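Only a predicted model underlies this, so the values are computations on that prediction, with no experimental measurement involved. Each ligand, and each atom within it, is numbered from 1 in the order the structure gives. Position 1 is the first residue of the sequence, and the numbers go up from there.
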Amino acid sequence: MSTPTPHPLTLPLLAGERRALAKAITLTESTRPDHEAQAQQLLADVLPRAGKSVRVGLTGVPGVGKSTFIEALGVWLADQGHRVAVLAVDPSSARTGGSIMGDKTRMPQLTVHPNAYIRPSPSGGTLGGVARRTREAITLCEAAGFDVILVETVGVGQSETQVAAMTDLFVLLTLPNAGDELQGIKRGIMELADVCVVNKADTNLQAATRAQTELRTALTLLTPHDAPWRPVALKASALSGQGIPEVWAQVQAYREATDLDAKRRAQTAVWFDDLLREAVWRRFQAGVDAGQIQAMRAGVQAGTLTPVQGVAALLRS
Ligand code: GDP
């Protein structure tokens with residue numbers, strides 16, 4: 001659907017100009033209808049040039065060392081010539097001031113690295129809205145030549161599922177005191193993990209090794225026998241940088257073991273279906289009196305009609 005004249009940001013973005021990238025992402029975050037239209041044009045312009053990156057999701061409870069780990073991994077990769085973009089999905093940032101903070105002091109070395117770009121979570125809106133903007137930011141970063149995209153999330157809720165749905169693989173950071181820690185991690189988040197890392201192994205190597213063993217057992221129990229990839233558990237110290245290359249080696253191994261094209265195609269299809277469902281629902285809501293839905297819901301709750309009858313009646317109206 002792209003028009004013959006490209007958006008003014010298209011060429012500088014494709015040339016890898018950082019300011020153009022920042023402006024482009026800001027455009028996708030705007031809710032002004034004319035900005036939205038421009039953003040979609042820009043995305044359509046650059047789409048053929050996107051997709052050539054390693055997309056890694058990262059999570060872990062606050063304090064586990066996510067910023068420190070991303071800084072260590074990011075600098076290690078950027079020093080080797082990779083171009084690393086760090087994005088975040090943190091729907092809480094609007095409400096509470098943020099578990100993932102927008103300020104750049106969290107990753108001081110990566111922030112000033114010429115090969116890195118750090119963008120805080122879009123703020124405001126629903127989780128779906130925040131996730132959509134982060135997906136679009138991934139496309140823009142890829143078009144600007146970033147070949148590693150690290151997407152961080154807070155490790156406490158629904159945003160993990162969203163991040164897992166937009167990345168190639170998911171890294172879960174945990175702490176050496178595994179017994180307590182495993183209880184704190186929601187089972188659902190464990191199920192998303194492709195690579196688990198016991199961080200802060202420098203603080204207590206013995207406990208970290210024990211935690212690693214426990215994680216391995218848990219992961220074995222959670223993984224179906226016919227899975228193309230068996231999640232791994234590693235130890236690392238984000239502070240000293242120990243174990244970081246081993247984590248990256250597992251990222252590469254994962255990418256080799258799985259059919260990434262198929263995975264990404266499936267992710268895109270799910271994303272499209274989600275957007276369609278949302279759009280249809282919005283249109284339906286716009287065309288029907290809110291009181292009617294409420295009345296039907298009350299009827300269903302009271303047992304005067306079945307849910308299916310209620311839905312059918314609303315669709316007929
Ligand atoms: P986040 O909330 O998950 O982003 O965690 P941070 O990266 O802010 O780290 C929380 C604290 O743990 C900071 O004081 C870090 O310096 C410290 N930390 C992070 N990684 C390590 C590590 O591998 N070893 C040690 N000893 N401390 C670490």
Side-chain angles (χ1 to χ4, degrees), residues 56-78 84-113 116-123 130 134 148-160 162-164 167 170-178 180-186 189-190 192-193 195-212 214-215 232-251:
V56 183
L58 284 125
T59 196
V61 294
V64 71
K66 289 182 296 299
S67 326
T68 315
F69 187 87
I70 291 170
E71 162 111 326
L73 175 63
V75 168
W76 182 74
L77 290 167
V84 181
V86 179
L87 307 172
V89 172
D90 182 4
S92 68
S93 61
R95 288 199 309 272
T96 60
S99 312
I100 294 179
M101 299 195 314
D103 70 292
K104 299 190 165 184
T105 54
R106 289 195 314 139
M107 301 170 194
Q109 291 179 61
L110 201 56
T111 302
V112 298
H113 202 295
Y117 177 75
I118 301 177
R119 180 87 183 186
S121 175
S123 59
V130 170
T134 304
V148 177
I149 316 276
L150 306 176
V151 187
E152 178 183 9
T153 185
V154 275
V156 286
Q158 278 299 307
S159 41
E160 281 64 41
Q162 296 278 348
V163 172
T167 50
F170 204 62
V171 176
L172 171 66
L173 298 186
T174 67
L175 291 167
N177 52 332
D180 314 336
E181 177 65 11
L182 278 181
Q183 288 160 23
I185 302 169
K186 299 204 169 58
I189 294 180
M190 276 281 285
L192 295 174
V195 175
C196 286
V197 181
V198 182
N199 190 36
K200 306 197 186 182
D202 58 292
T203 58
N204 187 341
L205 191 59
Q206 231 183 351
T209 305
R210 210 162 44 234
Q212 185 185 15
E214 284 174 27
L215 268 173
V232 293
L234 306 167
K235 287 190 291 263
S237 165
L239 205 59
S240 75
Q242 267 198 338
I244 297 283
E246 287 75 8
V247 173
W248 192 248
Q250 290 301 326
V251 170

Below 3.5 angstrom, do we get any N/O pair linking [X] and ligand 1?
X    : value
L239 : yes
F69  : no
T68  : yes
A236 : no
K66  : yes
K200 : yes
A201 : no

Can you confirm whether [X] sits close enough to [Y] that some side-chain heavy atom of one is under 4.5 Å from a side-chain heavy atom of the other?
X    : Y    : value
E71  : P108 : yes
F170 : T153 : yes
D202 : Q242 : no
L205 : K235 : yes
I70  : L58  : yes
L215 : M190 : yes
W248 : V148 : yes

Proximal atoms of ligand 1 relative to T203 (non-hydrogen, under 4.0 Å) |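 The atoms of ligand 1 under 4.0 Å from a heavy atom of T203 are 26 (N).
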
What atoms of ligand 1 come within less than 4.0 Å of a heavy atom belonging to P62?
-> 2 (O)

Per atom 26 (N) of ligand 1, closest listed option by heavy atom (D202, I244, I70) = D202

Of the listed options (G243, G65, S67), which comes nearest to atom 8 (O) of ligand 1 when hydrogens are ignored and any heavy atom counts?
-> S67

Report yes or no: does a heavy atom of G60 sit under 4.0 Å from some atom of ligand 1?
-> no

Which bit of N199 gets closer than 4.0 Å to ligand 1, counting heavy atoms only: side chain, backbone, both or neither?
->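 Answer for N199: side chain.
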
Test side chain to side chain donor-acceptor pair (under 3.5 Å) on D90 and S121 and set out the steps.
-> CA-CA 6 Å; D90 182 4; S121 175; 5.7 Å; no

E246 atom CD, neighbour heavy-atom count above 12 within 6.0 Å |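 Counting neighbours around CD of E246, more than 12 heavy atoms of other residues, nucleotides or ligands fall under 6.0 Å, so yes.
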
